[in-house]
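Here the structure comes first, spelled out in structure tokens, and everything after it is commentary.
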Amino acid sequence: MTKLVVQILDAGDLMPKDGDSANPFVEVDFGNQKQRTRTIHTDLNPCWNENLVFNITDPRQFPNTTIDVVVYNDRKSGHRRDFLGRVRISGMSVPRSEQDANIQRYPLDKRGLFSHIKGDIGFRMYLTHDDDSTPPPQTAHFETPLQEINPNIFDQEELQVPKKKEKDVKTFHSIGAAPAATAASVAPPPTEFKWPQPMATRMDFAQAGPSPATVMHLPAPKQNPEYALVETSPPLAARLRYGYRGKDKIISTYDMVEQMHFLYVNVVKAKDLPVMDVSGSLDPYVEVKVGNYKGVTKHLEKNQNPVWKQIFAFAKETLQASLLEVTVKDKDLGKDDFVGRVFFDIPEAPLRVPPDSPLAPQWYKLVDKKGIKAKGEVMLAVWMGTQADEFFSDAWHSDAHRVSHGNLANTRSKVYFSPKLYYLRAQVIEAQDLIPSDKSKPPDTFVRIQFCNQGKVTKPSQMRVINPVWNEELMFVAPEPFEDFIIITVEDRGTAEILGRVIVPSREVPQRIESTKLPDARWYNLHRPFIAQLEETEKKKEKFSSKIHVRLWIDSGYHVLDESTHFSSDLQPSSKILRKDSIGVLELGILSARNLLPMKSKEGKTTDAYCVAKYGNKWVRTRTLLETLAPRWNEQYTWEVYDPCTVITIGVFDNAHTNGSKEDAKDQRIGKVRIRLSTLEIDKVYTHYYPLLVLQPSGLKKHGELQLALRFTCTAWANMLTQYGKPLLPKMHYLQPIPVRHMDLLRFHAMNIVATRLSRAEPPLRREAVEYMLDVDYHMFSLRRSKANFNRIMLLLSGITAIYRWFNDVCIWKNPITTCLVHVLFFILVCYPELILPTVFLYLFVIGIWNYRFRPMNPPHMDARLSQAEHALPDELEEEFDNFPTTKHIDTVRMRYDRLRSVAGKVQTVVGDLATQGERAQAILGWRDPRATALFIIFSLMWAVFIYVTPFQVVAILIGLYLLRHPRLRRKLPSVPVNFFKRLPSKADMMLL
């Protein structure tokens, strides 16, 4: 006897029903047989690994049957169950043997138009016979439901090891069977987009199913739980603003971080110090010691009244003593001499909380080792404060004891500002009286303009004359202050000779704020290069010179893009006059990190981590915490918000310049987080651990987790709401748009200028950190990103597909009650057409209200599943991280080129099919097929007369009844309009192949 085996493996990203979770089980309906799996409690990503076996009474009718795989939620109270999604499989698509059956993942479909369903399910099904061996009831050792996609972790033999057979599952017989659906109504298996295979085929992928490199599935596998967001509840003062205030709560605006107390020691200066050397000199320095922690100031040579002005900070949680010792010593070649010291009782140190004024330093007498007063005094200030203290960023911290004074600046927290950028335009019009060296040959001229490490050239003049005309516009990125010079050179392309040059200071170029009248063009005298001038006699004065006609101006009405518009943090115009008022405040608390990977494995498996945050033109950098895999920064920063549809970026890096490393050493990337402000609720404090994911040539790697506290406060509700109706960019981008072909190059120049300026600050914000924050290589080709974008498009189209399936089910009377209700609604809308638009908008309102309870409660974060990063092949990643131009071997480049040609061929075919359909539509009235056009225009005339004499409601009812007719009145062949359209000619037969 033939049997059907349905192997239910797992499901992912199911819709929560009981609060934040669900109790899912799967029920399979085949004919009049129903079987179900066990219930997995409180799990949105369940894993069953169960086999359900069904008897097939008539194998000949099996291709016309349907298998329903439905996921339900087992409710805790009562016998009701909630619908979580379903998949319908036609018997025609079921493999005839276990060897041909592959594991497939299907998106869960809705039961109706009002269902709110998400997630996917993985299973496989096949036929077996009595003479076959009994199928294994369980699939062994599935640690995660992703194993069928990437079976590298297991061998094929390991996958076939059977477990002990489960107890027989009870069979539920339906009381009343619904009418069987036809094969045409059954959704086929998910469509697959085949990608070209790499040269080296991996056999282990062929054993368990299609390779992720060669097949692009519509439903992506569920994300690894390690890459998910983790909500936290740190003791922040912001959470206690409207609640209970404990006795340790200090009211302060620094309320987005945990308070960390530090012992501050401000060593200002000393006076009347004794001479310690025989030569009569003194090289004093101060040593500040608390337990095992010791900080040292710089030593000043031959100075009995030194001034240091240096601040030390010791974390209270690491203090190992109750006594502070401040010692003045004399720097010597051998052992340093003792000058005097001062003791302080740490518990008696006063507590200072901003906005209190700084503590005034005082003079203290030095004592010798016996406690007797010695000669000299030292000016100090000792107090207990928090990280909100204004001296916090410039202080020497106790965890930086191994960092020298020269490298100490590289560990401090700082705030940076990007330079203000403008667009510089140069319209090269013409030149006159050019003098080539070879006057017998007319010059082939072009103009080269160089500005701020940017070089661009015009096209050669159309006519080879000494008075050429170009009329071409070139664009550059100009930073403030305008200190660079614009170098305009006229060159001969044939002889590479410089015919003239002029240097224009950029500060003399006029500015244009809006789309007003352009400034007047100017004639500039072209001068010979310096080398050519040496050939002339020194006494000979040049009375004649060539000229060039150029219009130069600076556009300040644009926003210069230094990051992608998809996740831009600033959309304001360059001109301060055109900027609007702020609409709110963004507060960010960089709390801590955990489980960081050691980035300096050669130096003892340590990490010196610091964070960089960018929003608008303001960059912030936290202090570097040395030699720890669980740093606690607890630093808070604030930005003004001008547009809610912007993104803040936070990156974590490993500092490579703390121990005198080479200047060319690069800070390593640990991870990055992006958060869009429009996804945040007003005045709500978000505290989460964000996964730090980095894609490397070896694959996706999690480097740890970053804990952030975020709050967006709105100060102008009306202005914020009106922003949603305004253009995203300043109006100059729409009145006089910049050509798309120039945008990428201008963005690259802007990023280069920002990286150069910030890397010259003190301490520098390294170029590699700035480029990583600005996504400098975002525009480069990546097969992984191509797959991800394809999945995004298919996910977008899945909603349209679901509506089409629902309408098709209504048309074939799958559920007679639903179809009757649609008929009633259709008749009402036809008879009262004024209700159509109100019904549509009311439906949108109801759907929006219904979806409110399913709204995301957490801010967005990097999604490894959406990015197709978890299962990217090494060859794809190696291609993604390759340099441009490539440096790989010719065979590797040939393989990648052939693969790209294969992908481009499929894209070319799809584009050609779209063009064919459009040309067929044009050919309806184009008389390319005279018989088809004649039939159409005659049919149009008949319809025009019929619609004119027939009321519109009657026509609409007739069309609706025809579309919703009963299945007995339908036939499986295509309709007449479809056949007519497919027979129309296109230009495909005119293409050269």
Side-chain angles (χ1 to χ4, degrees), residues 262-314 319-350 352 358-385 389 391-392 394-412 658-660 762:
F262 293 86
L263 175 66
Y264 289 94
V265 181
N266 184 10
V267 181
V268 184
K269 58 184 177 179
K271 67 178 181 180
D272 302 332
L273 297 180
V275 175
M276 303 302 295
D277 295 338
V278 180
S279 60
S281 62
L282 178 70
D283 305 329
Y285 70 92
V286 175
E287 180 183 277
V288 182
K289 185 176 181 182
V290 179
N292 294 331
Y293 292 99
K294 180 174 64 176
V296 180
T297 66
K298 295 181 179 179
H299 74 276
L300 304 177
E301 296 182 354
K302 299 179 181 181
N303 194 337
Q304 292 181 259
N305 298 292
V307 177
W308 292 286
K309 292 184 178 180
Q310 191 165 344
I311 302 174
F312 299 86
F314 299 87
L319 294 181
Q320 300 172 343
S322 60
L323 202 63
L324 169 66
E325 181 181 353
V326 181
T327 307
V328 181
K329 293 186 177 181
D330 175 33
K331 188 71 175 178
D332 236 334
L333 294 177
K335 184 178 180 180
D336 297 341
D337 297 327
F338 176 84
V339 178
R341 62 186 177 187
V342 179
F343 290 99
F344 292 91
D345 194 6
I346 295 178
E348 298 298 329
R352 175 181 177 263
L359 199 66
Q362 300 179 18
W363 288 103
Y364 295 90
K365 288 282 187 180
L366 296 177
V367 298
D368 56 14
K369 294 182 179 180
K370 297 180 180 180
I372 303 175
K373 288 186 179 180
K375 184 179 180 182
E377 294 178 282
V378 62
M379 179 178 281
L380 303 170
V382 180
W383 71 94
M384 192 67 70
D389 203 298
F391 297 107
F392 175 80
D394 294 327
W396 174 94
H397 290 268
S398 55
D399 60 350
H401 57 277
R402 66 176 178 86
V403 181
S404 63
H405 287 283
N407 296 320
L408 189 62
N410 292 324
T411 66
R412 289 173 173 167
T658 58
N659 53 0
E762 186 61 34

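Only a predicted model underlies this, so the values are computations on that prediction, with no experimental measurement involved.
- Pro274 and Leu282 make their closest contact through O-CD2, 3.3 Å (heavy atoms, listed as atom of the first residue, atom of the second, distance).
- Scanning all heavy atoms of the two residues, the minimum distance from Ala313 to Ala395 falls at CB-CB, 3.9 Å.
- Trp363 has its side chain within reach of Lys269: a pair of non-hydrogen atoms, C-beta onward, lies under 4.5 Å apart.
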Open item on the list: Walk me through whether Asp272 and Asn305 qualify under side chain to side chain contact (heavy atoms under 4.5 Å, CB included).
Closed with: CA-CA 6 Å; Asp272 302 332; Asn305 298 292; 4.1 Å; yes
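- One distance of note links CG of Leu408 with NZ of Lys298; it measures 9.0 Å at 0.5 Å rounding.
- Taking each heavy atom of Ser322 and Pro347 in turn, the nearest pair found is O-CD, 3.6 Å.
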Open item on the list: Is there a side chain to side chain contact (heavy atoms under 4.5 Å, CB included) between Thr411 and Thr658? Walk through the geometry before answering.
Closed with: CA-CA 7 Å; Thr411 66; Thr658 58; 4.0 Å; yes
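- Remark: Trp383 engages Tyr264, Phe391 in a ring pair (Phe, Tyr, Trp, His ring centres under 6.0 Å) (not counting sequence neighbours).
- Summarising the geometry, atom CG belonging to Leu273 is positioned 9.5 Å from atom CD belonging to Glu377; distances are rounded to the nearest 0.5 Å.
- Gln310 approaches Val296 most closely through the heavy-atom pair NE2-O, 3.9 Å.
- Rounding to the nearest 0.5 Å places CG of Leu366 at 11.5 Å from NZ of Lys373.
- A donor-acceptor pair under 3.5 Å is formed between the side chain of Asp283 and the backbone N or O of Lys302.
- A distance of 7.5 Å separates CE of Met379 from NZ of Lys271, quoted to the nearest 0.5 Å.
- To the nearest 0.5 Å, atoms CZ (Phe262) and CE (Met384) are separated by 11.0 Å.
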Pair up each side-chain donor or acceptor in residues 336-344 with any protein partner under 3.5 Å, not counting sequence neighbours, and list the distances.
{"from": "Asp336", "atom 1": "OD1", "to": "Asp332", "atom 2": "N", "distance (Å)": "3.0"}
{"from": "Asp336", "atom 1": "OD2", "to": "Tyr285", "atom 2": "OH", "distance (Å)": "2.6"}
{"from": "Arg341", "atom 1": "NH1", "to": "Glu325", "atom 2": "OE2", "distance (Å)": "3.4"}
{"from": "Arg341", "atom 1": "NH2", "to": "Lys369", "atom 2": "O", "distance (Å)": "3.2"}

Task: Test log, rule side chain to side chain contact (heavy atoms under 4.5 Å, CB included), inputs Lys289 and Phe314 - done: CA-CA 10 Å; Lys289 185 176 181 182; Phe314 299 87; over 6 Å; no
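- Contacts of Lys331 classified as salt bridge (charged side-chain N to carboxylate O under 4.0 Å, His left out), with partners at least two apart in sequence or in another chain: none.
- Considering CG of Asn410 and CD of Glu762, their distance stands at 7.0 Å, rounded to 0.5 Å.
- Annotation for Ala349 and Leu263: closest pair CB-CD1, 4.2 Å, computed over non-hydrogen atoms.
- Residues satisfying the salt bridge (charged side-chain N to carboxylate O under 4.0 Å, His left out) test with Asp389, not counting sequence neighbours, are Arg352.
- Minimum interatomic distance between Val307 and Leu300 (heavy atoms only, all atoms of both residues): O-CD1, 3.5 Å.
- Under the ring pair (Phe, Tyr, Trp, His ring centres under 6.0 Å) criterion, Phe312 pairs with Trp396, sequence neighbours left out.
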- [ ] Assess whether side chain to side chain contact (heavy atoms under 4.5 Å, CB included) is satisfied between Val275 and Gln304, documenting all intermediate values.
- [x] CA-CA 8 Å; Val275 175; Gln304 292 181 259; 3.5 Å; yes
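- Under the salt bridge (charged side-chain N to carboxylate O under 4.0 Å, His left out) criterion, Glu287 pairs with Lys294, Lys329, not counting sequence neighbours.
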